[in-house]
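This one's a predicted model, so the numbers in the text were calculated from it and none came from an experiment.
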Amino acid sequence: MTSPVLIIIPAYNEEATILHTVETIETSTLYDYIVINDGSTDRTLSILKEHQKPYISLPINLGIGGAMQTGYQYAHRQGYDYAMQLDADGQHNPADIEHLLQSIQEGDYDMVIGSRFLEKTSYKGSIVRRAGILYFYYLLKWIAKIEVYDPTSGYRIVNKPVIALFAKDYPVDYPEVEVLVTLSRKKFRIKEIKTEMKDRQGGASSITNVKGLYYMVKVTFFSVIRSFL
């Protein structure tokens with residue numbers, strides 16, 4: 001381990017963006033990173049090998065939850081103080097890495113979330129996506145008694161106690177909302193800060209219009225279950 005921070009980059013079929021994403025991180029920060037190749041069927045793994053980028057490759061697609069838990073288990077074993085999730089599709093601005101880290105270090109928080117909606121940003125997004133995010137905002141307010149304006153944001157950083165928790169217990173897929181319920185239930189401290197995000201720069205989202213209703217029902221069901229655990 002050469003830094004206190006590990007940046008975890010889950011990647012599934014991100015051949016169009018993965019190299020640019022990791023090279024941008026390399027030029028923006030000195031922190032360690034690891035790509036979790038989540039059973040990609042395109043050239044994602046070949047690109048990582050060809051350019052000698054650090055990665056863990058899963059033999060099958062486990063979904064974002066399985067990929068992230070793999071990253072948290074690695075961070076836990078290696079003793080990192082902080083673990084940050086950053087998407088492989090070019091949405092997240094590496095310039096905000098320091099802002100997230102500074103917020104969690106100076107504010108005594110357990111998780112800090114990069115938010116598109118806490119303040120006005122350049123992010124647009126579809127009406128359907130915004131409606132879904134608003135739905136989860138009210139769901140969390142109801143069952144977890146917390147206000148998170150961007151609960152589906154994948155740009156987030158956690159400290160060592162949360163790394164240890166996530167290494168043992170993490171939702172299989174669509175984890176962003178569920179883990180907020182868990183952290184709230186266990187009295188961990190959560191904060192949002194403004195970050196700039198772009199639309200996906202390549203590839204396709206795992207949440208399509210067809211899966212949208214299934215996603216909302218499943219996340220709602222398991223979030224409610226977690227609120228009682």
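The distance from atom CG of L134 to atom CG of L139, rounded to the nearest 0.5 Å, is 11.5 Å. Distance check, rounded to the nearest 0.5 Å: NZ of K191 to CG of L100 gives 10.0 Å. Between the CD1 atom of I64 and the CD1 atom of I36 there is a distance of 10.0 Å, given to the nearest 0.5 Å. E23 contributes atom CD, which lies 11.5 Å from atom OG of S28 (distance to the nearest 0.5 angstrom). To the nearest 0.5 angstrom, L86 atom CG is 10.0 Å from Q91 atom CD. Atoms CD1 and CG, on I157 and D81 in that order, are 10.0 Å from each other to the nearest 0.5 Å.
Side-chain contact between I190 and Y109 is absent, with no heavy atoms from C-beta onward closer than 4.5 Å. Residues P161 and F188 are in side-chain contact: their nearest non-hydrogen atoms beyond the backbone lie under 4.5 Å apart. Side-chain contact between F166 and M68: absent, with no pair of heavy atoms (C-beta onward) separated by less than 4.5 Å. The closest side-chain heavy-atom distance from T70 to L58 is below 4.5 Å. For the pair M84 and I97, the minimum side-chain heavy-atom distance is below 4.5 Å. Looking at heavy atoms from C-beta onward, I9 lies out of side-chain contact with I34 at the 4.5 angstrom threshold. Under the 4.5 Å side-chain criterion, counting only non-hydrogen atoms from C-beta, H92 is not in contact with Q85. At least one side-chain heavy atom of N13 sits under 4.5 Å from a side-chain heavy atom of T41.
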Please report the C-alpha distance between L19 and H51 in whole Å, then the side-chain angles of each, then the deciding distance to 0.1 Å, and finally whether the side-chain contact (heavy atoms from CB on, under 4.5 Å) criterion is met.
CA-CA 8 Å; L19 186 60; H51 293 273; 3.6 Å; yes
Would Y31 and E98 count as a side chain to side chain donor-acceptor pair (under 3.5 Å) if you check the C-alpha gap in whole Å, the side-chain angles of each, and the deciding distance to 0.1 Å?
CA-CA 10 Å; Y31 301 129; E98 289 296 337; 3.0 Å; yes
Worked check of side-chain contact (heavy atoms from CB on, under 4.5 Å) between M111 and L180
CA-CA 9 Å; M111 172 185 279; L180 296 178; 3.6 Å; yes
Test log, rule side-chain contact (heavy atoms from CB on, under 4.5 Å), inputs Y55 and L45:
CA-CA 9 Å; Y55 69 88; L45 180 58; 3.5 Å; yes
Take D108 and R189 through the test side-chain contact (heavy atoms from CB on, under 4.5 Å) and record every step on the way to the result.
CA-CA 8 Å; D108 197 28; R189 296 146 299 179; 2.9 Å; yes
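The ring of Y149 has its center no closer than 6.0 angstrom to the ring center of F117. The aromatic ring centres of F136 and Y215 sit less than 6.0 Å apart.
For D96 and T195, the side-chain atoms include no donor-acceptor pair closer than 3.5 Å. When only modelled atom types and interatomic distance are considered, Y33 and E26 share a side-chain donor-acceptor pair under 3.5 Å. Side-chain atoms of Y155 and D150 include no donor-acceptor pair closer than 3.5 Å.
The residues E176 and R156 are annotated as not salt-bridged, no charged nitrogen and carboxylate oxygen being separated by less than 4.0 angstrom. The pair D169-K186 fails the salt-bridge criterion, with no side-chain N (NZ, NE, NH1 or NH2) lying under 4.0 Å from an Asp/Glu carboxylate O. We find that R116 and E196 are not joined by a salt bridge, their nearest charged nitrogen and carboxylate oxygen being 4.0 Å or further apart.
K145 NZ: more than 12 foreign heavy atoms inside a 6.0 Å radius.
Under a 3.5 Å cut-off, the side chain of T21 and the backbone N or O of T17 do form a donor-acceptor pair. Of the possible polar contacts, none joining the S153 side chain to the I113 backbone as a donor-acceptor pair under 3.5 Å is found. A distance-only check finds a donor-acceptor pair linking the side chain of T24 to the backbone of H20 [under 3.5 Å]. Side-chain N or O atoms of T152 include none that pairs as donor or acceptor with a backbone N or O of I133 at under 3.5 Å. At least one donor-acceptor pair under 3.5 Å links the side chain of D42 to the backbone N or O of E15. In this structure, S223 contributes its side chain and T220 its backbone to no donor-acceptor pair below 3.5 Å. No side-chain donor-acceptor contact under 3.5 Å links T29 to the backbone of I25. Not one N or O on the side chain of D87 forms a donor-acceptor pair closer than 3.5 Å with the backbone of D89. Between the R226 side chain and the T182 main chain, no donor and acceptor come within less than 3.5 Å of each other. Between the side chain of D38 and the backbone N or O of A67 there is no donor-acceptor pair closer than 3.5 Å.
The minimum heavy-atom distance between E192 and S115, with the atom names listed, is OE2-OG, 3.0 Å. The two residues A83 and Y72 have their closest heavy-atom pair at CB-CE2, 3.8 Å. Between N37 and L48 the shortest heavy-atom distance is CB-CD1, 4.4 Å. What you find for Q73 and A167 is that their closest heavy atoms are NE2-O, 3.2 Å. Taking all atoms of both residues into account, the shortest heavy-atom contact from L183 to L165 is CD2-CD2, 3.9 Å. Between L30 and S3 the shortest heavy-atom distance is O-CB, 4.4 Å.
Cluster annotation: L62 is not connected to V172 through the hydrophobic network of ILVMFWY side chains, with a link wherever side-chain heavy atoms come within less than 4.5 Å.
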